[in-house]
Protein chains: 2
Amino acid sequence: MIYSIGAFSKVTGLSIDTLRYYDKEELICPNRDGNNRRTYTDSDKTWVAFILKLKETAMPIKQIKRYAKLRYLGDETVEERLEMLYDHRIFMLDLKKKLDENIDHLNDKIAAFEGKLNKKCNKIKC
Amino acid sequence: MIYSIGAFSKVTGLSIDTLRYYDKEELICPNRDGNNRRTYTDSDKTWVAFILKLKETAMPIKQIKRYAKLRYLGDETVEERLEMLYDHRIFMLDLKKKLDENIDHLNDKIAAFEGKLNKKCNKIKC
DNA sequence: ATTTGACATGGAGTACACTCCAGCAACTAT
DNA sequence: ATAGTTGCTGGAGTGTACTCCATGTCAAAT
């Protein structure tokens, strides 16, 4: 299956401008047809899904770009990419730890507020 | 305990420029001394710690600002702030879900890569 | 034949969250 | 008294990740 930029925009949810921006940044490198128009494949679709996952966990474009470069270089770069993924896993586990702590903190905060509200309610007899 | 902007910058780890920016944005509103210099208190320290937690979980400045406004208005705004915290908790739990999914996905990806590497190793007999 | 529509490019503009700088005031140490 | 340090303001500049725009090409529809 081959997609024009408009069709690909629809299936990925990325805007046409964003796709062109990603092309310029060499994040997603589509082929071109006889009229110099970008042609995207299903393999690009898989790749976009992965990029979006990396982005969801705050991997900056530059780093994704580095990964993309390695990916386009082929199988010889598997080790290097694996290293990147190991690093990213550490980053994500750290993020998860922080997030869990923050959720705990938020729960404490909410409990404190609820206590405060109850006292207030008692005072005004409701 | 009262802190000058420089001292407060050191205890919070926020740069002097950031503190002035947060003041301008009405996120942290320090008092001023006779020479119009900002004076921060220990209560501001607690507040900064909370702001940093909100920021760590991607709450945008504008939203923190709204919270700050309510906070400076005093106890009558507790209900409203509690609402914001409830919303933020939902946001954070959602973030956590996404993050957990992404970690799972990353683990799968890593496992796939490791399999690929092993095959390669077998091919070249190492 | 011309209009329409999707696509192309280069470059400007935007939002966010800072970060830096020029120019000035006031206290502090020598 | 002069230099140094710390602080003040307003405004400009930075990096990231888009987003928008003017202008132009090409194939298909009318």
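Below, chain A is the first sequence line, B the second, and so on; all start at residue 1.
- No option in B:D42, B:D44, B:T41 other than B:D42 meets the side-chain hydrogen bond (donor to acceptor under 3.5 Å, both in side chains) test with B:Y3.
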Margin query: Show, in sequence, the C-alpha distance, side-chain angles and deciding distance for A:R32 and A:R38, and conclude whether the side-chain contact (heavy atoms from CB on, under 4.5 Å) test is met.
Written below: CA-CA 5 Å; A:R32 301 294 180 116; A:R38 292 169 181 85; 3.4 Å; yes
Notebook entry, point to check: Once each nucleotide of nucleotides 23-28 of chain C is scored for protein heavy atoms under 4.0 Å, what B/S/- sequence comes out, 5' to 3'?
Noted result: --BBS-
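- Note: CD1 (B:I61) to P (C:dT19) measures 11 Å, nearest angstrom.
- Residues of residues 40-56 of chain B having a heavy atom closer than 4.0 Å to DNA chain D: none are found.
- When each of B:K69, B:R66, B:K65 is checked for a salt bridge (charged side-chain N to carboxylate O under 4.0 Å, His left out) with B:E25, only B:K65 meets the rule.
- Counted within 6.0 Å of NZ on B:K53, heavy atoms from surrounding residues, nucleotides or ligands total more than 12; the atom is thus considered enclosed.
- Between A:I2 atom CD1 and C:dA6 atom P the separation is 20 Å, expressed in whole Å.
- Remark: C1' of D:dT6 and NZ of B:K10 are 10 Å apart, rounded to the nearest angstrom.
- What separates CD1 of A:I16 from P of C:dG10 is a distance of 18 Å, to the nearest Å.
- Note on A:M1: it clusters hydrophobically with A:F8, by side-chain heavy-atom contacts below 4.5 Å among ILVMFWY residues.
- Taking atom CD1 of A:I5 as the reference point, atom P of D:dC26 lies 18 Å away to the nearest angstrom.
- Taking a cutoff of 4.0 Å between a charged side-chain nitrogen and a carboxylate oxygen, A:R20 and A:D23 do not qualify as a salt bridge.
- Among the protein residues, A:Y22 comes within range of the sugar-phosphate backbone only, with heavy atoms under 4.0 Å from sugar or phosphate atoms but none that close to a base.
- Other residues, nucleotides and ligands contribute over 12 non-hydrogen atoms within 6.0 Å of the CG atom of A:L73.
- The shortest heavy-atom contact between B:S9 and B:L14 is OG-O, 2.7 Å.
- Phosphate contact (OP1/OP2 of C:dA17, side-chain N/O of B:T18, threshold under 4.0 Å): absent.
- Counting non-hydrogen atoms of neighbouring residues, nucleotides and ligands closer than 6.0 angstrom, the CG atom of A:L52 exceeds 12 such neighbours.
- With respect to B:D100 and B:K97, no salt bridge is recorded, no charged nitrogen being found less than 4.0 Å from a carboxylate O.
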Check: Base, backbone or nothing for each nucleotide of nucleotides 9-15 of chain D, written B, S, -, heavy atoms under 4.0 angstrom, 5' to 3'?
Finding: B------
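- In this entry the distance linking CD1 of A:I64 with C1' of D:dA17 reads 11 Å, nearest Å.
- Rounded to whole Å, the distance from CE on B:M59 to P on C:dC16 is 15 Å.
- Looking at B:Y72, its side chain does come within 3.5 Å of a backbone N or O of B:C29 through a donor-acceptor pair.
- Between the NZ atom of B:K65 and the C1' atom of C:dA17 there is a distance of 12 Å, rounded to whole Å.
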